[in-house]
Amino acid sequence: MPGRLPTIADFAFSSLTLTITPPPDSQPPTNILVLFHGLGDTHTSFEKLGKQLNLPETACIAIRAPKPLPFDITGFHWGDDIVFEESSGKMDTDAGFLNATRLIDDQVIHRTLLEKCGYHPRNIMLLGYGQGALIALSVASCAQFSLPESMAENELGGVVSIGGTLPEDSPRALNPKCRTPILVCAGSVDSVLTPTAEKKLREVFASVEVARYRRPGDGMPSNRDQMMPIMQFFARRLKSV
């Protein structure tokens, strides 16, 4: 049996701001996709993304990052702090994520989706862009599930990282490796997915798939060709009753 569709009331104890989009066509909420926006954005754009994906038997939860940007700049961020790069003066995407990782792991995944709504970790997937991708990967690498050893699928359904790698404060390697499979979408050049970053991912996760755009930069997918690896990953990992 799938878990119960979460409601906003389920998160009343939490400080998080979020939206919940039910599965299309009154289908059962077999899966949950949690969406994490990038630096300086809000959850509303990813609420729209969840609706556009229109994934079968999948409810989408778009979460707003917990901290507003400083200096009256619109938007929010996931970092423990605000760090500016010395060379460019721009905000550093990787600003430490210990607090946000604990927040998502505890309040969203464990206390709400697993305990209140009855989901199995295997039915929960994460998708993030930029700084939101760092959070998604951090949560997946740190999550611990108190499940019977007889349950073979002691893992999340998967993580889609668009233009993001593991944060600096995450483990450099795990033994055994995290069983949650990940897909990383990145530009052919001018990408955060350097050989060093990819090596770290492979030291932490047992299954790492990389999809390179046929263009520079790590932006969101902009055409069918760039979106296809993501939809194929969902097709393999989403469950159905």
Side-chain angles (χ1 to χ4, degrees), residues 14-16 18 34-41 43 46 63-70 73 75-111 113 121 124-146 154-156 158-187 190-210 218:
S14 171
S15 59
L16 290 168
L18 52 83
V34 186
L35 299 150
F36 305 91
H37 64 78
L39 174 64
D41 200 358
H43 62 302
F46 273 53
I63 302 176
R64 192 184 74 185
K67 295 183 180 180
L69 292 175
I73 304 173
F76 293 79
H77 73 99
W78 297 97
D80 292 340
D81 201 354
I82 291 287
V83 178
F84 291 91
E85 297 176 353
E86 292 185 8
S87 58
S88 65
K90 296 180 180 179
M91 281 183 283
D92 190 345
T93 300
D94 192 345
F97 301 102
L98 294 177
N99 292 332
T101 298
R102 292 192 194 105
L103 185 68
I104 299 300
D105 181 60
D106 176 56
Q107 296 188 6
V108 177
I109 294 180
H110 279 86
R111 293 174 64 182
L113 296 180
I124 301 169
M125 298 192 70
L126 313 178
L127 181 151
Y129 168 64
Q131 195 180 63
L134 273 71
I135 277 291
L137 290 168
S138 179
V139 169
S141 67
C142 296
Q144 299 291 327
F145 309 115
S146 299
N154 194 358
E155 64 196 60
L156 292 174
V159 178
V160 176
S161 166
I162 303 172
T165 62
L166 277 166
E168 183 65 27
D169 58 16
S170 66
R172 294 196 174 275
L174 290 178
N175 186 20
K177 295 179 182 180
C178 177
R179 293 172 52 182
T180 298
I182 67 169
L183 167 68
V184 184
C185 301
D190 297 330
S191 171
V192 298
L193 189 62
T194 62
T196 300
E198 183 174 344
K199 180 182 178 182
K200 181 177 178 179
L201 284 168
R202 296 187 185 280
E203 291 293 330
V204 171
F205 293 95
S207 175
V208 178
E209 181 180 346
V210 175
D218 293 329

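What you are looking at is a predicted structure, and each value in this text was computed from that prediction instead of being measured.
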* Asked: Do Glu198 and Arg202 sit within salt-bridge range, that is, some charged N less than 4.0 Å from a carboxylate O?
  -> yes

* Structure fact -> For Ser141 and Cys178, the nearest pair of non-hydrogen atoms, with its separation, is CA-SG, 4.4 Å

* CZ on Arg64 to CG on Asp41, rounded to 0.5 Å -> 11.5 Å

* Structure fact -> Output for pair (Leu103 CG, Leu16 CG), nearest 0.5 Å, gives 4.5 Å

* CG/Leu156 to CG/Leu113 distance, rounded to the nearest 0.5 angstrom? -> 10.0 Å

* Main-chain N/O of Pro167 paired to Lys200 side chain as donor or acceptor, under 3.5 Å -> yes

* Asked: Taking only residues two or more places apart in sequence or in another chain, which ones pass side-chain contact (heavy atoms from CB on, under 4.5 Å) with Val192?
  -> Thr165, Asp218

* **For His37, all residues meeting ring-ring contact (aromatic ring centres under 6.0 Å, His included), sequence neighbours excluded** => Trp78

* Asked: Could you state the interatomic distance from CG (Asp80) to NE2 (His77), rounded to the nearest 0.5 Å?
  -> 9.0 Å

* Side-chain heavy-atom pair His43, Phe76 within 4.5 angstrom cut-off -> no

* Asked: Sub-3.5 Å donor-acceptor pair from the side chain of His110 to the main-chain atoms of Asp105, do we have one?
  -> yes

* Asked: What is the minimum heavy-atom distance between Ala133 and Gly164, and which atoms define it?
  -> CB-CA, 3.7 Å

* To do: Heavy atoms only: give me the nearest Ala140-Phe205 pair and the separation to one decimal.
  => CB-CE2, 4.0 Å

* Asked: What pairs with Val139 under side-chain contact (heavy atoms from CB on, under 4.5 Å), at least two apart in sequence or on another chain?
  -> Thr101, Ile104, Ile109, Leu126, Ile135

* Asked: By side-chain contact (heavy atoms from CB on, under 4.5 Å), which residues pair with Asp106, not counting sequence neighbours?
  -> Arg111

* Taking all non-hydrogen atoms of both residues into account, name the closest pair between Gly187 and Ser191 and its distance. => O-CB, 3.6 Å

* Are side-chain heavy atoms of Ser170 and Leu137 found at a separation under 4.5 Å? -> no

* To do: Please identify each residue that fulfils salt bridge (Lys or Arg N to Asp or Glu O under 4.0 Å) with Glu168, with sequence neighbours left out.
  => Arg172

* Structure fact -> When rounded to the nearest 0.5 Å, the distance separating OG of Ser138 from CZ of Phe36 is 10.0 Å

* Structure fact -> Sorted by chain and number, sequence neighbours left out, side-chain contact (heavy atoms from CB on, under 4.5 Å) with Thr194 holds for Thr196, Ala197

* To the nearest 0.5 Å, how far apart are CG in Asn175 and CD in Glu203? -> 10.0 Å

